[in-house]
Amino acid sequence: MTRFLLFTLVLVSLTGPVSAQGFTRIESESQFVELVVGKTLYLGDTTALALADGRLIVVFKGKEITGSWAWKDGYFCRVLQSYSTKEDCQLWEYDGEDFQVTRDKGAGKVFLYTLEP
């Protein structure tokens, strides 16, 4: 029993959270602007474009959804005008190629944006 418990603890410590491997948190608005703003991001057939003036354009299931975004306390916070009017502040991470986004300040659903379709 002790060996099994020790093995389990070692295994858990080695694996860690799978979603966080290789990703580094985007911590500042200037970093977010440099990496994301003005670039079309892809998630399946959904696209998202954050503009420098705070506007957000998302195409979801063939429909354009507009909104706004702001950087608040280390999070990308967005409000979509015609889909969900509730503000969602998201934790953004980058691995040099893709963006891992976690809704609800890092406590919600995780999804992955790419720069290429």
Consider only side-chain heavy atoms of I, L, V, M, F, W and Y, link residues closer than 4.5 Å, and tell whether Leu80 and Tyr75 are in one cluster. no
Let me confirm one number: the CH2-SG distance from Trp69 to Cys89, rounded to the nearest 0.5 Å. 12.5 Å
Got more than 12 heavy atoms from elsewhere within 6.0 Å of CG, Asp73? no
Would you say Glu34's side chain and Ser30's backbone share a donor-acceptor pair under 3.5 angstrom? no
Are Phe76 and Leu35 connected, step by step, through hydrophobic side chains (Ile, Leu, Val, Met, Phe, Trp, Tyr) whose heavy atoms are closer than 4.5 Å? yes
Is there a donor-acceptor pair under 3.5 Å between the side chain of Lys63 and the backbone N or O of Val59? no
Any side-chain to backbone donor/acceptor pair from Asp104 onto Ala107? Under 3.5 Å, distance only. no
Do Gln100 and Val110 have side chains that get closer than 4.5 Å, going by heavy atoms? yes
Taking all non-hydrogen atoms of both residues, which atom of Leu43 and which atom of Phe111 are closest, and how far apart? CD2-CD1, 3.8 Å
Answer yes or no on whether Arg25 is positioned over the face of Phe99, meaning its NZ or CZ is under 6.0 Å from the six-membered ring centre and within 45° of the axis. no
Leu112/Tyr42 under side-chain contact (heavy atoms from CB on, under 4.5 Å): CA gap, chis, key distance, verdict: CA-CA 8 Å; Leu112 196 71; Tyr42 298 87; over 6 Å; no
Answer with yes or no whether the hydrophobic clustering places Tyr94 together with Tyr113; edges join I, L, V, M, F, W, Y residues whose side-chain heavy atoms lie under 4.5 Å apart. yes
Hey, what do you get for NZ (Lys105) to CG (Leu91), rounding to the nearest 0.5 Å? 11.5 Å
Please determine whether residues Leu49 and Phe60 belong to a single hydrophobic cluster, defined as Ile, Leu, Val, Met, Phe, Trp and Tyr linked transitively by side-chain heavy-atom distances below 4.5 Å. no
Evaluate the side-chain contact (heavy atoms from CB on, under 4.5 Å) criterion for residues Glu97 and Leu115: first the C-alpha distance (whole Å), next the side-chain angles of each, then the deciding distance (0.1 Å), finally the verdict. CA-CA 7 Å; Glu97 197 170 305; Leu115 289 170; over 6 Å; no
Do Leu56 and Val33 land in one hydrophobic cluster if side-chain heavy atoms of ILVMFWY residues count as linked below 4.5 Å? yes
Please tell me whether Gln90 and Asp88 have a donor and an acceptor in their side chains that are separated by less than 3.5 angstrom. yes
Is any side-chain heavy atom of Glu29 closer than 4.5 Å to a side-chain heavy atom of Lys72? no
How many angstroms lie between atom CD of Glu87 and atom SG of Cys77, to the nearest 0.5 angstrom? 4.5 Å
Test your reading of the model: is there a side-chain donor-acceptor pair from Trp92 to the backbone of Val36, 3.5 Å cut-off? no
Report yes if some heavy atom in the side chain of Glu93 is under 4.5 Å from a heavy atom in the side chain of Ile26; otherwise report no. no
Within the 4.5 Å heavy-atom criterion, are Asp95 and Thr24 side-chain neighbours or not? no
